[in-house]
2 protein chains.
Amino acid sequence: MKKIGVILSGCGFMDGAEINEAVLTLLAISRQGATPLLMAPNVNQYHVINHTNGQAVQETRNVLIESSRIARGEIKDINEVSADDFDALMIPGGFGVAKNLSNFAFKGAQAAIIPEVAKMLKAVNDQQKPIGAICISPAVLALLFKAKLTIGSDEATSQIINDLGGQHFQKNANEIQVDEELKIVSTPAFMLNAPLHEISEGIDQCVKKVIELS
Amino acid sequence: MKKIGVILSGCGFMDGAEINEAVLTLLAISRQGATPLLMAPNVNQYHVINHTNGQAVQETRNVLIESSRIARGEIKDINEVSADDFDALMIPGGFGVAKNLSNFAFKGAQAAIIPEVAKMLKAVNDQQKPIGAICISPAVLALLFKAKLTIGSDEATSQIINDLGGQHFQKNANEIQVDEELKIVSTPAFMLNAPLHEISEGIDQCVKKVIELS
């Protein structure tokens with residue numbers, strides 16, 4: 001049975017992982033008869049947003065603890081996981097990827113990925129294991145890998161991918177972009193305004209493809 | 001296009017709505033070509049649990065605000081929604097249903113549903129609109145309606161349903177129980193230890209059936 005690592009970045013798209021994308025990733029993994037290995041960095045979120053009005057609130061929340069709500073407690077500190085422990089890696093989107101796992105939301109092409117996540121991504125790539133990136137995650141991957149990627153059709157973000165030496169391809173929510181050489185698969189998900197079942201199709205294909213490449 | 005009300009009870013199964021069940025409900029609604037109308041009571045959670053260790057923490061969180069993380073901000077205070085506004089109602093599970101929407105987790109057969117939720121459930125039933133109940137939600141519905149229900153196979157909980165004058169039927173995660181007369185449909189979801197894609201099948205059937213009955 002294949003084991004699929006899943007990096008979460010909190011719980012809620014404005015300050016953490018996009019919840020729908022995270023669950024649809026777990027659903028796709030289950031459908032493929034694989035097992036998820038959930039992980040998150042044990043760091044505080046960049047901030048906490050009230051999702052009813054988009055305003056930041058004076059609270060501190062931890063990425064690992066909030067992510068465990070999606071994971072039903074079955075989650076590890078990313079520092080306690082090795083790339084040896086799984087066959088492929090998935091990264092659901094949400095602003096958590098751009099605010100907690102990196103500072104991409106604030107620095108764009110000049111952003112950095114936090115050390116524990118960058119180390120994991122490099123180790124997975126070094127072992128030639130596939131990575132599936134959803135929503136905004138492909139743009140963050142572009143900081144490390146000059147890959148063929150999609151984040152849907154957003155011009156500013158696709159320009160950053162191209163500026164970083166990657167290649168952006170426009171795709172629909174129910175489609176994937178595959179970089180066969182680097183074994184990086186991406187799908188736009190909530191970067192596009194699409195019905196949830198179409199987003200689910202894209203994520204299903206993404207998970208299926210990373211398992212196939214593993 | 002049918003509109004399906006969805007009552008959320010927070011964000012995380014130990015102190016709020018079961019996140020997977022909530023997302024799979026939204027996915028099923030999207031697949032049926034229907035539109036969700038999300039709502040939650042504007043009340044504080046009974047407590048806040050760190051989902052990595054199951055321990056309560058000294059924090060206060062609001063059910064509506066936390067639910068909005070799942071809803072991506074598209075959610076209303078249940079007091080601002082009328083049963084006239086939708087065609088059928090879904091209630092995903094999680095301890096939030098038994099701790100925030102009611103005190104079922106503490107009082108069992110002697111529990112009460114909070115006024116704003118009880119009022120909505122009665123209004124929906126009075127209008128002969130269907131209700132779909134997932135996981136522990138059917139047991140909470142049993143406080144109001146003597147219905148044919150399933151919560152899977154848990155003996156203590158099914159006994160409470162029978163004690164309340166309902167009728168419990170044992171079902172698998174990919175199955176539903178239908179009370180045609182009361183138009184109440186239920187599926188066990190995480191009350192059973194089943195793979196996520198089987199839980200998704202049960203929720204898909206539940207949503208399909210409530211739309212059919214509406």
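Chain naming here is simple, since letters A, B, ... match the order of the sequence lines and numbering starts at 1 in each.
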inquiry  = Given heavy-atom pairs under 4.5 angstrom as the criterion, report whether the side chain, backbone, both or neither of B:Glu74 touches chain A.
reply    = neither
query = Side chain, backbone, both or neither: which part of A:Glu59 has a non-hydrogen atom closer than 4.5 Å to chain B?
reply = side chain
message = Please output the residues of residues 201-214 of chain A in contact with chain B, using a heavy-atom cutoff of under 4.5 Å, in numerical order.
response = none
key: Contacts with chain A made by residues 84-100 of chain B (heavy-atom distance under 4.5 Å), listed by residue number   = none
inquiry  = Suppose a student defines contact as a heavy atom less than 4.5 Å from any heavy atom of chain A. Which residues in residues 33-58 of chain B would they list?
reply    = B:Val48, B:Ile49, B:Asn50, B:His51, B:Thr52
Heavy-atom neighbours of B:Lys2 NZ exceed 12 at 6.0 Å = yes
ask   = Going by residue number, which parts of residues 11-25 of chain B are within reach of chain A, meaning a heavy-atom gap below 4.5 Å?
value = B:Cys11, B:Gly12, B:Phe13, B:Asp15, B:Glu18, B:Ile19, B:Asn20, B:Val23, B:Leu24
key: A:Leu196 to B:Ser30 - nearest heavy-atom pair and separation   = N-OG, 3.3 Å
note = With chain A, the option among B:Glu66, B:Glu198, B:Arg72 that has the most non-hydrogen atom pairs under 4.5 Å is B:Arg72
